[in-house]
Every structure is written in structure tokens, then in C-alpha cells.
Amino acid sequence: MKNKEIAKLLYEIADYLEIKDVNYKPRAYRKAAGNIEALTEDIENIYERGELEEIGGVGEAIAKKISEYLETGKLEYYEKLAKDLPVNIEELTSIEGVGPKTVKKLYNSLGVETLEDLEKAAEEGKVAQIKGFGEKVQKNILENIKVAKRGRERRLLGKVFPLVEDLKQRLLDKDVFNRVTIVGSYRRRKPTIGDVDVLATAKKSEEAMDEFCALGDVVEILAKGDTKSSIILSGGIQVDIRIVEEEAWGSALMYFTGSKDHNVSLRSKAKGRNWKLNEYGLFGPEDDRLASKSEKEVYERLDMSFIPPELRENTGEIKAAEKDSIPVLVEEEDIRGDLQVHTNYSDGSGTIEQMVERALDKGFEYLLISDHGPSLKIAGGLTEEEFEEQAEEIEQVKDRFGVEILHGIEANITKDGLDISKDWCDRCDILCVGMHDRPDDPTERILSIFDEYPIDIFVHPLGRRFFSREPLDINLDRIASKAEEEHISFEINSQPERLDLDWQNVKKYRDKLKYVISTDAHSKEQMNFMHLGVSQARRGWCSKENILNTQPIDGVRSYLNG
DNA sequence: GCCGTTTTCGGCCCGACTGTTTTCAGTCG
């Protein structure tokens, strides 16, 4: 998968062009790079289908460059730019406060090509000598090099969630704060999060800043001002806060929630009417305030319906809002049951009874127990005898709880088919299948399984894990079409490191397929992950109707058997 | 270089902050 590689190439071209004072092109290259980075499909497949220009921000010229790179492994345009300024631009601009222009200056006056060169020059006091730079610049560079070396890590939404909610509550508990909302990519529920951004109103903003920086688990204060501060908490996570006036709450929420592209589009719209949109409000030609109190007010003044944060990625939501066709998104309360949990029969830690109790607590009407099939030895996959034992235990537990307990299995797709017999399949109330290895021909394997077995749910379709496992190289178009024919549902898996099917694909296939949102819980606590799966369904524009397990169990069955 | 219910050509978001400056360039979000 060369997506990241190509994105990096385009980002670097953008930097080079910026150094050369070229207008607008850098933005175009960055936009294309950002969209390529966000693809879940291998760009080589897109190239082979001749659909490069379908990618947002990719036009004729950039498509041609990508093709050249994929065909030859090189890009002449890039090589030429790099020759004029032979520096490690990505590394150098990763230092906070160092952008393309600074890189150029450093190279021209000191011959700085790498991060090491820069560190050496700064330590020797040479940076401060450059015209336009001073002691402070030099000192900041030295400090920020340390941060850049550590690398800017991202974290899983599901892992930071409890921490962030706790932080929010601790701030709200303090008298000086009035409103506190976590904004940024967290509010949009992006699967991975960089920094945490907090927006607040306060009785006295200076006092609020004092309280914020004095939180018990603050290990470092990066910046502290009257309305804006930045800290690092003991887990290493950076939290930025911004205090705004009550009157500007809505426009500030929009501004700090982003995404950047969404904001840019909105401002463009405002500008088209000779208005101006910023974090303080929507203003008319005479700087008269048209809206700012609530997000809804601002959107409506722009003749749009309210856009839920999860949709604000500039992927069509603005147009939809103008036509008042934003879907009513699914909510966690709509979910009536969990259709994939594991127990201590395989690699889960909870007993059947514990899992059922938790399901009851959560108000679920049904629960599917689906431990691993026999071939997944590492996860303690069930033998057929164990499956029968489990069936008996379920029968006993059933009578004691008012929850419908379904018995199934998460069968493993192997090179010979499934790891359970067809007879065994028939004894499952609901049959889940998943791919747990990485064969050369995953698409063919999946398609033939779909043909041969009475499958209900295809779990974690991409097989990806954030930070550790790339998505499978599969042809989802073909698999989704087959699934549509066979009434096979795709899972949206709520595990923080999976969130698979990916939200972009969720959006793509939502009119074709029915999804189930499952926790894939391996303990009773993990059944609380449901909201994460729901958030990704929301990012994929799903309403209740797109999600099978918002229906009573009879509805689920009739679709899957249909 | 991309893109289109104002445009196939002429536009392309906005403000804060910093450090270095006497009016601004660069960077960031």
C-alpha cells in the first residue's frame, strides 16, 4: 500500500513550492495529499481502475504525477525540486515553529539539511546570527527539536475517551467554569486523536486558566495566557484550552470543532454573500453580528440545517445541509442488542452469565454469544463438544434473565472454507465469519465462502488494527455486492483499535448493505464500547434504518434469513 | 493545481500569536 508514501511525496512538493513563493499550488498539493492519506483503499487499485481523478483534490496534473510514480517508482518533478534544495523537508518542518520559509533560510545561510545539522547549528549559536532570527527563535528550535524527535503520536479515541470525560467533569466541578465542551477531532469522533481541545466559558478567564494549569495530573505547562493555555497530562496527552465569551459560544464551537476543511468551505459560503465567518461569529458587511450564540443559529443563517459534528469532514455534508437532507443519525439508545461478544469459553474473560447481566444492564433485548471457531487456537477456539456444552449452559441461563440469548460462533475463514462444518453452521442462531490471517487471495476466499455457507454477519471486514495492522487488500465493491445478494450484514466493530468497517466505507455502502454494530467484547466492561461503533456509523451517515440491531430480534432474523 | 446552483476561467478562509520588527512575515490551528 503506497498511499502514505505518495501523500508524503505530495506534501513535500507542497513545501518546496511554498519555498519558491508559488501561490495556491501548495494548497492544492496538500489537499490531494490529505485525501490520499485518508483513503482506506489501496491507491494502486484506484490507479488500475483509472479512477485517480475521482479522489478529491486530484486533477489531471496530480493524477499524472501519481501514475508516473506508481509506474516508475520515481517522480521527475519532485526530483527536480529536491535537487534545488536538498534538505529533509519533512523532518525539519516537523519541528514546531519551523515551516518551509524557515527551512530555506536555514539552508541558504547555514547549509542546514537535516534535523541533526539544525541542532548542531543552534547549539553553536549560529541560528541566532541569521538576519531576522534572534535568540528566542534559536532557543525555541532547540526545545522543539526534542519534541519532534519523540514524534507526534496519535491515540485511539476509545482509549482517551474515559480520560477526557473525566477531565471535562473535573473542570465542570470547579465554580469558575460555566460551560466546558471537548471539541476538535474528539467531538467529531475521529478514530484517532492527536491533542485534546477544550472550549469553555468562565466567570473569570484568568482564574479559570489558573485552575486549569493547577489540575492534579498536569506534568508540564506548555503555554499559559489569559484565554488560551496548553498543558501535558501525566499520560503524556496534550490538552489545549480556549476560553470564549458566552455570546460567541456557537461560532467558537464550530471553529474549534472543525474540521479545517469544513470551516474553510463554510467561510467560503459566507464570503460569497459578502459576509465573514470566524470564531467570534457570522458578520455582515458592516461587521454587524448576524449569528453566533449557537451552532444551529449560525448554520441556519447560512441557510443550512444543523450538521452533526461527526459529519463535518467536508465530504458533502454542506451541500446536504443546504438541501435540508442531512440524515437523522443513529444514536446509542437506538441499539437493541449486541451481536458479537466472547466468553471464557474462548478468549473472553467473562462468563455467559456475566455477559448476559451486563446486556441486561444496558437495556438490550438480545445478545449473541459468538466465541471463536476451532481453528483459531491462539484465541482458544471452541471444539464442537465445547460448543454443545456452551449451548446447554445458555439454555440454563436463559430462563433466569429476560434477555434473548442467541448462540452463534465467529467462524474463521481458512484456505479450505470455514473452520466449522455446515451441520454446525445450522446449529447457530446467527453465524458470524471473519478473516484472521492474511492470505494472498482474500477476496476470492471471502466470495466463495459467501456462496457456500449460510452466513449472517461478516465481522471486522478490513481486518485492520490501528498502528499495527494494515487493512486487508480486498475488493470491497465485489464483496459488498455479493453480501447484498445473500443478505449478509457487515459488522461495524466497536473495539477501539478496529472500528472496522471503516466509516468511509460505511458511508459508501450504506444504501446497499445493512450493518450491525457490535462490541466484539472480550469482557463485560468492553460492552461499553458500543458508543464507539455507533460514532463510526454516524460518521458514515447512517440513520437507524441502516443498522440491523436497532430492530427487534424478529426483524434481525427476517433480514438475515431473507 | 483544482474546481463550479454566482464561474470551464478566475477565483482560492480567517485570525492569533510570535519574534522580529517599526509595519510585517511566518507559522499554526
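In what follows, chains are A, B, ... by sequence order, proteins preceding strands, each numbered from 1.
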Between [X] ([atom1]) and [N] ([atom2]), how many Å, whole number?
X        : N      : atom1 : atom2 : answer
A:Asp15  : B:dG26 : CG    : P     : 14 Å
A:Glu18  : B:dA25 : CD    : P     : 14 Å
A:Lys105 : B:dA25 : NZ    : C1'   : 8 Å
A:Leu10  : B:dG1  : CG    : P     : 12 Å
A:Asn144 : B:dC28 : CG    : P     : 9 Å
A:Ile19  : B:dT27 : CD1   : C1'   : 14 Å
A:Leu199 : B:dG29 : CG    : P     : 17 Å
A:Ile95  : B:dT27 : CD1   : C1'   : 13 Å

Worksheet item: For A:Tyr11 and A:Glu37, does a side-chain donor sit closer than 3.5 Å to a side-chain acceptor?
Response: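 Note: A:Tyr11 and A:Glu37 side chains meet the donor-acceptor criterion.
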Discussion item. Taking the cut-offs as 6.0 angstrom to the six-membered ring centre and 45 degrees off its axis, would you call A:Lys65 and A:Tyr77 a cation-pi pair?
Written reply: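 Satisfied, under 6.0 Å and within 45°.
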For [X], which contact category applies under a 4.0 Å heavy-atom criterion: base, sugar-phosphate, or nothing?
X        : value
A:Lys101 : sugar-phosphate
A:Ser265 : nothing
A:Pro100 : sugar-phosphate
A:Glu322 : nothing

Discussion item. Against A:Tyr29, only a single residue in A:Asp15, A:Leu17, A:Leu9 fulfils side-chain contact (heavy atoms from CB on, under 4.5 Å); can you say which?
Written reply: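 The passing option is A:Leu17.
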Worksheet, complete the sentence: Counting primed atoms, P, OP1 and OP2 as sugar-phosphate and everything else as base, the B/S/- map of nucleotides 14-19 of chain B against protein heavy atoms under 4.0 Å is BSS--S
Worksheet item: For A:Phe256 and A:Ala63, take the nucleotide of DNA chain B holding the closest heavy atom to each; which residue's nucleotide lies nearer the 5' end?
Response: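 Whichever sits nearer the 5' end wins; that is A:Ala63.
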Practice prompt. Please tell me which of A:Asn23 and A:Gly97 maps to the more 5' nucleotide of DNA chain B, matching each residue to the nucleotide holding its nearest heavy atom.
Written response: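 Here A:Asn23 is the residue nearer the 5' end.
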Practice prompt. Sequence neighbours left out, what passes side-chain hydrogen bond (donor to acceptor under 3.5 Å, both in side chains) with A:Lys228? Give chain and number order.
Written response: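 A:Lys228: no side-chain hydrogen bond (donor to acceptor under 3.5 Å, both in side chains) contacts found.
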Item to complete: Mind telling me whether A:Phe490 and A:Tyr515 have parallel, tilted or perpendicular rings, with 30° and 60° as the class edges?
Response: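 Ring orientation of A:Tyr515 relative to A:Phe490: tilted.
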For nucleotides 4-8 of chain B, which of its nitrogen or oxygen atoms have a protein nitrogen or oxygen under 3.5 Å away, and what is each distance?
none

Worksheet item: Does B:dG1 have OP1 or OP2 sitting under 4.0 Å from an N or O in the side chain of A:Tyr24?
Response: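 The answer is no; no side-chain N or O of A:Tyr24 sits under 4.0 Å from OP1 or OP2.
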